[in-house]
Amino acid sequence: MTRHFILAALATSAAMALPGSATAQNFAITNAHILTPGPVGEIENGTILVRDGKIVAAGRSVAVPAGTNTVDAKGQIVTPGLFAVNTALGLVEVNSVDGTIDGRTRNSRISAAFDVQYGLNPASVLIPAARLGGVTRAVVMPDYDDGNKEREAPFAGMGAVISLGHESAMLYRPGIGMVLELGEDGAARLGGSRAAQFVQLRQIFASLKVQWLPDNDLGLSEADHNALLPVVTGKMPLVVIVHRAADIRQVLALAKEYPLKLILSGAEEAWQVAPEIAAMKVPVLLNPTSNIPSSFEQIGASLRNATMLKAAGVEIAISGNDAGHRVRDMRYNAGIAVSRGLPMAAAIEAITLAPARIFGLADKVGSIEPGKQADMVIWDGDPLEALTEPVAIYIDGKDQPMQSRGTLLSDRYKNPG
């Protein structure tokens, strides 16, 4: 059975590689209902002009040069490509098969130094599936391997931003953040309690001020020491997975002691401390559907978390429902946030420009405006509605194949001849 599964996966992967190479195009999208954060905003019957993979003009009165290929959007909505956060795209294939998981390490001497960029797989069948949900860029995060209960691993490692473009370079920006988990799971890995974890974190950060020594009391490897130097100086963001309001307050206090550039992830109880988060200009990556207290540290989870954070002035980015197979659910989650009071414009921003801004890429991607990469999606309806599907997807101005392993298998068994 396993052999047949692998052969089927290889066959469909090969089939997905069949479309001709997509090349950067010079074209214009006309009759477009442009819906984007940024200066262009919402424009009915607009035009977007693309040259060499970048947007050169977008608006209501854009002149299209003679001879330019045009795509008639027929009044349909055009948004920026979706920018996913908290994913494992390219690092995982089958959750139950260890050999297909490359987003974590058991090495006792590697924690902060673990770098996901070296394990990325452009041929992953999860990439086209996410792309068909309108996702064009994604933040890939490392995870923890808790197989060795004796291993104390404070940090999961460094994440990267990838492009989901067919036949494009996958790695877009390495080293975009260091991942640290606090709370129940984080404390279990370091010290056995929250109090011990925060004490040891302070010791680790203090040790970075001096030269690394092989016999240091913390057991910190040279690789981990060097990887943490840009974090403790605020040059690399520290992405902190945290849930409880009290833990959020503790990590905010830690960031006042050291010049940490914080990004909170999860943060189900963040609404309870929204003014403090906003005052420190700390962004939050969240899933607005989290409203069930799945643990004692999430008792205060609320469907209005996104709405209340945004109202307090906190930058938010909305994630999908898992790190691999349900990344594309991010737009459904944004729609749920709208149903709980988040303005639609803010919801669109939370899955496009906001994550680009949080990870320092807002000058490159995240909105439809001149000078940015032509990552765009034409939709057959409201992009936050579950039944809406992409009509066309562009990454760096390249028209993407509208295929995935799922669609190929569907076509195969619908038409067995």
Side-chain angles (χ1 to χ4, degrees), residues 16-84 122 127-128 130-138 161-173 348-349 351-353 355-357 361-380 383 388-404:
M16 285 157 51
L18 290 178
S21 175
T23 56
Q25 303 170 40
N26 300 330
F27 66 98
I29 300 176
T30 61
N31 299 320
H33 182 167
I34 302 172
L35 184 59
T36 177
V40 174
E42 182 172 5
I43 296 176
E44 294 188 16
N45 197 26
T47 297
I48 305 164
L49 185 62
V50 175
R51 184 177 302 128
D52 296 328
K54 290 189 176 182
I55 299 165
V56 295
R60 188 172 283 107
S61 303
V62 174
V64 179
T68 301
N69 291 329
T70 61
V71 177
D72 187 354
K74 301 177 182 178
Q76 294 174 316
I77 290 175
V78 182
T79 69
L82 307 189
F83 196 127
I127 300 291
R131 188 171 61 226
L132 282 184
V135 180
T136 58
R137 309 275 166 175
V161 174
I162 63 169
S163 167
L164 275 67
H166 176 67
E167 295 189 346
S168 299
M170 185 179 190
L171 181 63
Y172 187 65
R173 178 75 62 84
I348 294 291
E349 186 172 16
I351 55 177
T352 54
L353 183 58
R357 195 158 47 222
L361 293 168
D363 61 330
K364 308 282 186 188
V365 294
S367 62
I368 296 173
E369 59 182 290
K372 292 196 175 183
Q373 301 298 126
D375 291 6
M376 300 176 292
V377 183
I378 304 176
W379 304 91
D380 64 10
T388 296
E389 297 289 345
V391 173
I393 302 167
Y394 302 91
I395 300 178
D396 292 327
K398 300 173 186 177
D399 192 6
Q400 300 298 306
M402 303 299 285
Q403 289 181 333
S404 71

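Residue numbers count from 1 along this sequence.
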Q: Given side chains that start at C-beta, do those of Ser163 and Ile395 come closer than 4.5 Å, heavy atoms only?
A: yes

Q: For residues Tyr394 and Ile29, report the shortest heavy-atom separation together with the two atoms involved.
A: CE1-CD1, 4.0 Å

Q: Are Asp396 and Arg137 ion-paired here, with the side-chain N under 4.0 Å from a carboxylate O?
A: yes

Q: Please report the shortest heavy-atom distance between Ile34 and Gly59, naming the atom on each side.
A: CD1-N, 4.2 Å

Q: Would a distance-only check, ignoring hydrogens and angles, find a side-chain to backbone donor-acceptor pair under 3.5 Å from Asn31 to Ala73?
A: no

Q: Is there a donor-acceptor pair closer than 3.5 Å between any side-chain N or O of Gln400 and the backbone N or O of Lys398?
A: yes

Q: Please name all residues satisfying salt bridge (Lys or Arg N to Asp or Glu O under 4.0 Å) with Arg51, sequence neighbours left out, ordered by chain then number.
A: none

Q: If we check side-chain contact (heavy atoms from CB on, under 4.5 Å) with Met376, which of these qualifies: Val50, Thr136, Ile393?
A: Val50

Q: Report the C-alpha separation of Ile378 and Ile77 in whole Å, then their side-chain angles, then the decisive distance to 0.1 Å, and conclude whether the side chain to side chain contact (heavy atoms under 4.5 Å, CB included) test is met.
A: CA-CA 6 Å; Ile378 304 176; Ile77 290 175; over 6 Å; no

Q: Dump the intermediate steps for side chain to side chain contact (heavy atoms under 4.5 Å, CB included) on Val64 and Phe27, then the final yes or no.
A: CA-CA 9 Å; Val64 179; Phe27 66 98; over 6 Å; no

Q: Which atom names give the shortest non-hydrogen contact between Ala130 and Leu164, and what distance separates them?
A: CB-CD2, 3.8 Å

Q: Please answer whether the main-chain N or O of Glu389 pairs with a side-chain N or O of Asp380 as donor and acceptor at a distance below 3.5 Å.
A: yes

Q: Treating Ser367 as the side-chain partner and Glu369 as the backbone partner, does any N or O pair qualify as donor plus acceptor under 3.5 Å?
A: no

Q: Would you be so kind as to tabulate the donor-acceptor pairs closer than 3.5 Å made by side chains of residues 39-49, with sequence neighbours excluded?
A:
from, atom 1, to, atom 2, distance (Å)
Glu42, OE2, His33, NE2, 2.7

Q: Between Tyr172 and Ile162, does a side chain to side chain contact (heavy atoms under 4.5 Å, CB included) hold up when you go through it step by step?
A: CA-CA 5 Å; Tyr172 187 65; Ile162 63 169; 5.5 Å; no

Q: For a quick test of reading the model, state the closest non-hydrogen atom pair linking Leu132 to Pro401 and the distance between them.
A: CD2-O, 4.4 Å

Q: To check you understand the geometry: which heavy-atom pair defines the closest contact between Pro383 and Thr79, and what is its length?
A: CG-CG2, 4.0 Å

Q: What closest approach, in Å, do Gly133 and Pro390 show between heavy atoms, and which atom pair accounts for it?
A: C-CG, 4.4 Å

Q: Look up atom NE2 in His166 and atom CE in Met402, then write down how far apart they are to the nearest 0.5 Å.
A: 13.0 Å

Q: Quick one: are Lys372 and Leu353 in side-chain contact, heavy atoms under 4.5 Å?
A: yes

Q: Given side chains that start at C-beta, do those of Val56 and Pro370 come closer than 4.5 Å, heavy atoms only?
A: no

Q: Enumerate the salt bridge (charged side-chain N to carboxylate O under 4.0 Å, His left out) contacts for residues 60-78, please, sequence neighbours excluded, ordered by first and then second residue.
A: none

Q: Can you measure from CG (Asp363) to CZ (Arg357) and round to the nearest 0.5 angstrom?
A: 12.0 Å

Q: Within the 4.5 Å heavy-atom criterion, are Ile348 and Pro37 side-chain neighbours or not?
A: yes

Q: Can you tell me how far the CG atom of Leu361 sits from the CZ atom of Phe83, to the nearest 0.5 Å?
A: 5.0 Å

